[in-house]
Amino acid sequence: MSNAESSSSYENHPVHYFEDGNIIFILESKVLFKLYRGAISKQSEVFSDMLSVPQPAGDKRGSETSSNSPQELIDGVPAIHLTDTTESFAAVLDIVLPSPTPDLYQNQRKGSQTFSLDHIMSILELSQKYCMPTAESWAKLMLGEKYPVPKAQDLKIDDSPWTVFGSGKEAAKLIQVARKYDLPRYLPIAFYFLATSPNLEAMFQAQILSAKDQARLHVGRMRMIDAVIDAAANQPENGIARGPPCPLKSKNGQNCVGGNVDMKTIWSSPPSRMWKDLVRRPLGELRWRFANWDKDGRYCSHCSDQVRKGFVTVRRELYGRLGDFFFPEENQGVLVYSLADLLSLNGMV
């Protein structure tokens with residue numbers, strides 16, 4: 001004998017409730033989603049299996065809790081309890097089902113920034129839980145648009161994909177998403193953001209990462225600093241590398257200073273600050289140097305262009321090596337970090 005109820009005891013979802021629907025899902029014990037069996041079954045292997053066989057009394061398939069009551073009927077329509085949130089279930093249905101408000105996602109689709117990472121994460125989670133490939137593909141597409149990751153050879157001087165993060169929490173969450181759903185392309189920019197962030201919030205949020213990823217974060221920062229120093233030692237604007245004097249005239253009509261560089265004379269900021277910024281946030285500093293190089297015209301066009309090309313080349317090289325800095329063992333198949341390694345690299349043992 002069925003347990004019949006009236007929909008008046010519940011709240012109908014404002015979008016996904018169709019009067020002539022033939023299956024009801026109950027979310028959070030109060031919100032009704034009245035859908036078409038065929039439509040939802042077509043989009044989900046799990047729902048297809050769930051709805052293809054009659055449910056015996058006491059079996060609420062799709063729910064993570066059991067009940068001894070018979071299958072529910074609401075206004076004569078079979079009803080199934082789900083343990084997902086109303087918001088997340090509606091979000092995934094917005095992707096896979098025809099909607100009476102089709103402009104909802106079309107308008108937002110024009111700018112993926114309107115979708116929060118939490119929103120995309122919820123769709124990813126349910127799309128895998130219910131085997132919805134359309135929703136999963138959409139969520140991964142949105143991640144790609146929200147967090148663009150250009151290849152190193154395509155990185156322009158104004159490209160700074162790591163600056164898209166609004167907080168350390170967002171970067172740490174993206175690392176978790178990348179780990180859980182096997183999306184390694186997002187790891188380098190998220191690790192770089194956390195490793196170079198000047199505020200404590202980023203370091204605090206990094207604590208949600210696994211112990212191994214926290215170790216990778218700190219060890220990778222030190223690897224990156226080593227690489228930055230090695231590269232900077234060969235760049236003339238840092239006052240170390242020297243060459244033969246340039247015989248050409250500078251842009252201001254004086255002798256070009258190329259080949260005989262004193263760091264104090266080519267930058268308005270103190271050399272110590274220039275080195276600190278280069279070590280602490282190398283990719284951002286190189287972008288700043290490119291934009292502010294030789295404002296006084298003390299170099300000839302040839303020497304000035306060579307230095308600018310150096311900024312671009314070193315920046316691309318460092319960007320392309322982020323993965324090697326933070327998780328080289330994933331390319332080699334060997335986990336190389338231990339607590340002793342971390343303490344040793346920090347000079348503590």
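Values reported hereafter were calculated over all heavy atoms of this structure, with side chains retained and with hydrogens, waters and symmetry mates removed.
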A.B. asks: Members other than Val279 in its cluster, when Ile, Leu, Val, Met, Phe, Trp, Tyr link by side-chain heavy atoms under 4.5 Å?
C.D. replies: Ile225, Ile229
A.B. asks: According to side-chain contact (heavy atoms from CB on, under 4.5 Å), who are the partners of Ala231, at least two apart in sequence or on a separate chain?
C.D. replies: Val314
A.B. asks: With a 4.0 Å cut-off, would you call Asp154 and Lys151 a salt bridge?
C.D. replies: no
A.B. asks: According to a 4.5 Å side-chain heavy-atom criterion applied to Ile, Leu, Val, Met, Phe, Trp and Tyr, with indirect links allowed, do Leu174 and Phe204 form part of one hydrophobic cluster?
C.D. replies: no
A.B. asks: Please verify the inter-ring angle class for Phe33 with His16; under 30° counts as parallel, over 60° as perpendicular, anything in between as tilted.
C.D. replies: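 Rings of Phe33 and His16: parallel, under 30°.
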A.B. asks: Between Phe115 and His119, does the ring centroid distance fall short of 6.0 Å?
C.D. replies: yes
A.B. asks: Among all residues two or more places apart in sequence or in another chain, which pass the ring-ring contact (aromatic ring centres under 6.0 Å, His included) test with Tyr36?
C.D. replies: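 Testing Tyr36 for ring-ring contact (aromatic ring centres under 6.0 Å, His included), a comparison that skips the adjacent residues, returns Phe18.
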A.B. asks: Are the charged groups of Arg289 and Glu285 less than 4.0 angstrom apart, N to O?
C.D. replies: yes
A.B. asks: What are the two closest non-hydrogen atoms of Val92 and Ala135, and how far apart are they?
C.D. replies: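 Shortest heavy-atom separation between Val92 and Ala135 comes out as CG2-CB, 3.6 Å.
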A.B. asks: Contact between Leu93 and Val15 at the side-chain level, heavy atoms closer than 4.5 Å - yes or no?
C.D. replies: no
A.B. asks: Counting distance only, does the side-chain N/O of Asp159 pair as donor-acceptor with the main-chain N or O of Lys156 below 3.5 Å?
C.D. replies: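 Yes; judged by distance alone, with no hydrogens or angles, the pair exists.
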A.B. asks: Quick one: do Ile24 and Asp75 satisfy side chain to side chain contact (heavy atoms under 4.5 Å, CB included)? Show the steps, please.
C.D. replies: CA-CA 10 Å; Ile24 290 175; Asp75 294 340; 5.9 Å; no
A.B. asks: Please examine the side chains of Met203 and His218, heavy atoms only from C-beta on, and report whether any two atoms are closer than 4.5 Å.
C.D. replies: yes
A.B. asks: Would you check if the side chain of Asn255 reaches a backbone N or O of Lys249 as a donor-acceptor pair within less than 3.5 Å?
C.D. replies: no
A.B. asks: Using only atom types and a distance under 3.5 Å, with no angle test, would you say the side chain of Asn252 pairs donor to acceptor with the backbone of Gln254?
C.D. replies: yes
A.B. asks: For the residue pair Lys251 and Ser301, establish whether any side-chain heavy-atom pair is separated by less than 4.5 Å.
C.D. replies: yes
A.B. asks: Tell me if a side-chain donor or acceptor on Tyr10 pairs with a main-chain N or O of Ile26 at a distance below 3.5 Å.
C.D. replies: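 Such a contact is absent between Tyr10 side chain and Ile26 backbone.
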A.B. asks: Counting C-beta onward and ignoring hydrogens, is there a side-chain heavy-atom pair between Pro161 and Tyr319 closer than 4.5 Å?
C.D. replies: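 A side-chain contact under 4.5 Å exists here.
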A.B. asks: With heavy-atom distances below 4.5 Å as the criterion, would you say the side chains of Arg221 and Leu194 are in contact?
C.D. replies: no
A.B. asks: Identify each donor-acceptor pair in which a side-chain atom of residues 185-193 lies under 3.5 Å from a protein atom, sequence neighbours left out, and give them as a table.
C.D. replies:
residue: Tyr186; atom: OH; partner: Gly144; partner atom: N; Å: 3.1
residue: Tyr192; atom: OH; partner: Leu283; partner atom: N; Å: 3.1

A.B. asks: Check for me, please, whether Leu141 and Met132 land in the same ILVMFWY cluster - side-chain distances under 4.5 Å, paths through other members count.
C.D. replies: yes
A.B. asks: Within the supplied structure, the quantity of interest is the number of heavy atoms (other residues, nucleotides, ligands) at a distance under 6.0 Å from Glu201 CD; does it exceed 12?
C.D. replies: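 Atom CD in Glu201 is packed in, count exceeds 12.
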A.B. asks: For the atom pair CD1 (Ile95) and CH2 (Trp138), what is the distance rounded to the nearest 0.5 Å?
C.D. replies: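 Nearest 0.5 Å value for the CD1-CH2 distance: 4.0 Å.
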A.B. asks: Check whether any side-chain heavy atom of Pro282 sits under 4.5 Å from a side-chain heavy atom of Leu318, and report yes or no.
C.D. replies: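 SC-SC contact between Pro282 and Leu318 confirmed.
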A.B. asks: Hey, what do you get for CD (Glu136) to CG (Leu126), rounding to the nearest 0.5 Å?
C.D. replies: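 Separation between the atoms: 11.5 Å.
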A.B. asks: Between the side chains of Lys34 and Asn12, is a donor N or O closer than 3.5 angstrom to an acceptor N or O?
C.D. replies: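 On atom types as modelled, these side chains do not qualify, holding no pair under 3.5 Å.
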A.B. asks: With salt bridge (Lys or Arg N to Asp or Glu O under 4.0 Å) as the criterion, how do Arg216 and Asp213 come out once you've worked through the C-alpha distance, each side chain's angles and the decisive distance to 0.1 Å?
C.D. replies: CA-CA 5 Å; Arg216 291 183 181 105; Asp213 274 344; 2.6 Å; yes
A.B. asks: Answer yes if the side chains of Gln214 and Gln207 hold a donor-acceptor pair under 3.5 Å, and no otherwise.
C.D. replies: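 Judged by distance alone, the side chains do not pair up.
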A.B. asks: Could you please spell out the steps behind the side chain to side chain contact (heavy atoms under 4.5 Å, CB included) verdict for Cys256 and Tyr299?
C.D. replies: CA-CA 5 Å; Cys256 176; Tyr299 282 75; 4.3 Å; yes
A.B. asks: Does the side chain of Arg315 reach to within under 4.5 Å of the side chain of Arg287, using non-hydrogen atoms?
C.D. replies: yes
A.B. asks: Testing the basics here: between Leu209 and Gln176, what is the closest heavy-atom pair and its distance to 0.1 Å?
C.D. replies: CD2-CG, 4.3 Å
A.B. asks: Which salt bridge (charged side-chain N to carboxylate O under 4.0 Å, His left out) pairs, counting each pair once, include a residue from residues 161-174, with sequence neighbours left out?
C.D. replies: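 Listed once each, the pairs are Asp118-Lys173.
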A.B. asks: Output the distance between atom CD1 (Ile23) and atom CD1 (Ile80), rounded to the nearest 0.5 Å.
C.D. replies: 4.0 Å
A.B. asks: Can a donor-acceptor pair be found, under 3.5 Å and without considering hydrogens, that links the side chain of Ser88 to the backbone of Thr85?
C.D. replies: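 Yes, the answer is positive, given that a donor and an acceptor are paired below the 3.5 Å cut-off.
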A.B. asks: Check whether Asp324 reaches the backbone of Pro328 with its side chain - one donor and one acceptor, N or O, closer than 3.5 Å.
C.D. replies: no
A.B. asks: Can you check side chain to side chain contact (heavy atoms under 4.5 Å, CB included) on Ile157 and Leu286, steps first, answer last?
C.D. replies: CA-CA 9 Å; Ile157 195 65; Leu286 288 168; 5.7 Å; no
A.B. asks: So how far is it from Trp162 CH2 to Arg281 CZ, rounded to the nearest 0.5 Å?
C.D. replies: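 Between Trp162 CH2 and Arg281 CZ, I get 10.5 Å after rounding to 0.5 Å.
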A.B. asks: Which heavy atom of Lys146 sits nearest to which heavy atom of Leu117, and what is that distance?
C.D. replies: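 Closest pair (atom of Lys146, atom of Leu117, distance): CE-N, 3.9 Å.
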A.B. asks: Taking all non-hydrogen atoms of both residues into account, name the closest pair between Leu217 and Ala206 and its distance.
C.D. replies: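 Scanning both residues completely, I find the closest heavy atoms to be CD2-CB, 3.8 Å.
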A.B. asks: Write down the atom of Ser127, the atom of Leu124, and the distance for their closest heavy-atom approach.
C.D. replies: OG-O, 2.8 Å
A.B. asks: Have a look at Ile120 and tell me which of Lys140, Glu125, Met142 forms a side chain to side chain contact (heavy atoms under 4.5 Å, CB included) with it.
C.D. replies: Met142
A.B. asks: Is a donor from one side chain sitting under 3.5 angstrom from an acceptor on the other, for Tyr130 and Asp84?
C.D. replies: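 Yes, Asp84 and Tyr130 have a side-chain donor paired with an acceptor closer than 3.5 Å.
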A.B. asks: If you measure from NE2 on His302 to SG on Cys246, what distance do you get to the nearest 0.5 Å?
C.D. replies: 7.0 Å
A.B. asks: When you look at Arg321 and Glu317, which way does the salt bridge (Lys or Arg N to Asp or Glu O under 4.0 Å) test go after all the steps?
C.D. replies: CA-CA 6 Å; Arg321 294 177 61 191; Glu317 180 184 353; 3.7 Å; yes
A.B. asks: Just wondering, do Arg280 and Thr196 contact through their side chains at under 4.5 Å, heavy atoms?
C.D. replies: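 No; the side chains remain at least 4.5 Å from each other.
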A.B. asks: Nearest heavy-atom pair of Asn22 and Pro78: which atoms, and what distance?
C.D. replies: O-CD, 4.1 Å
A.B. asks: Between atom NZ of Lys180 and atom CD of Gln128, what is the distance when rounded to the nearest 0.5 Å?
C.D. replies: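 Nearest 0.5 Å value for the NZ-CD distance: 7.5 Å.
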A.B. asks: Any donor and acceptor pair, going by atom type alone, linking the side chain of Ser304 with main-chain N or O of Cys300 inside 3.5 Å?
C.D. replies: no
A.B. asks: For the backbone of Thr86 and the side chain of Glu28, can you confirm whether one donor and one acceptor N or O come within less than 3.5 Å of each other?
C.D. replies: yes
A.B. asks: Determine which pairs satisfy side chain to side chain donor-acceptor pair (under 3.5 Å) with at least one residue from residues 37-47, sequence neighbours left out, and list them in order.
C.D. replies: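 Only Gln43-Thr134 qualify under side chain to side chain donor-acceptor pair (under 3.5 Å).
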A.B. asks: Side chain of Arg308, backbone of Phe290: donor and acceptor closer than 3.5 Å?
C.D. replies: yes
A.B. asks: Assess the pair Phe25 and Phe47: is the distance between their ring centroids shorter than 6.0 Å?
C.D. replies: yes
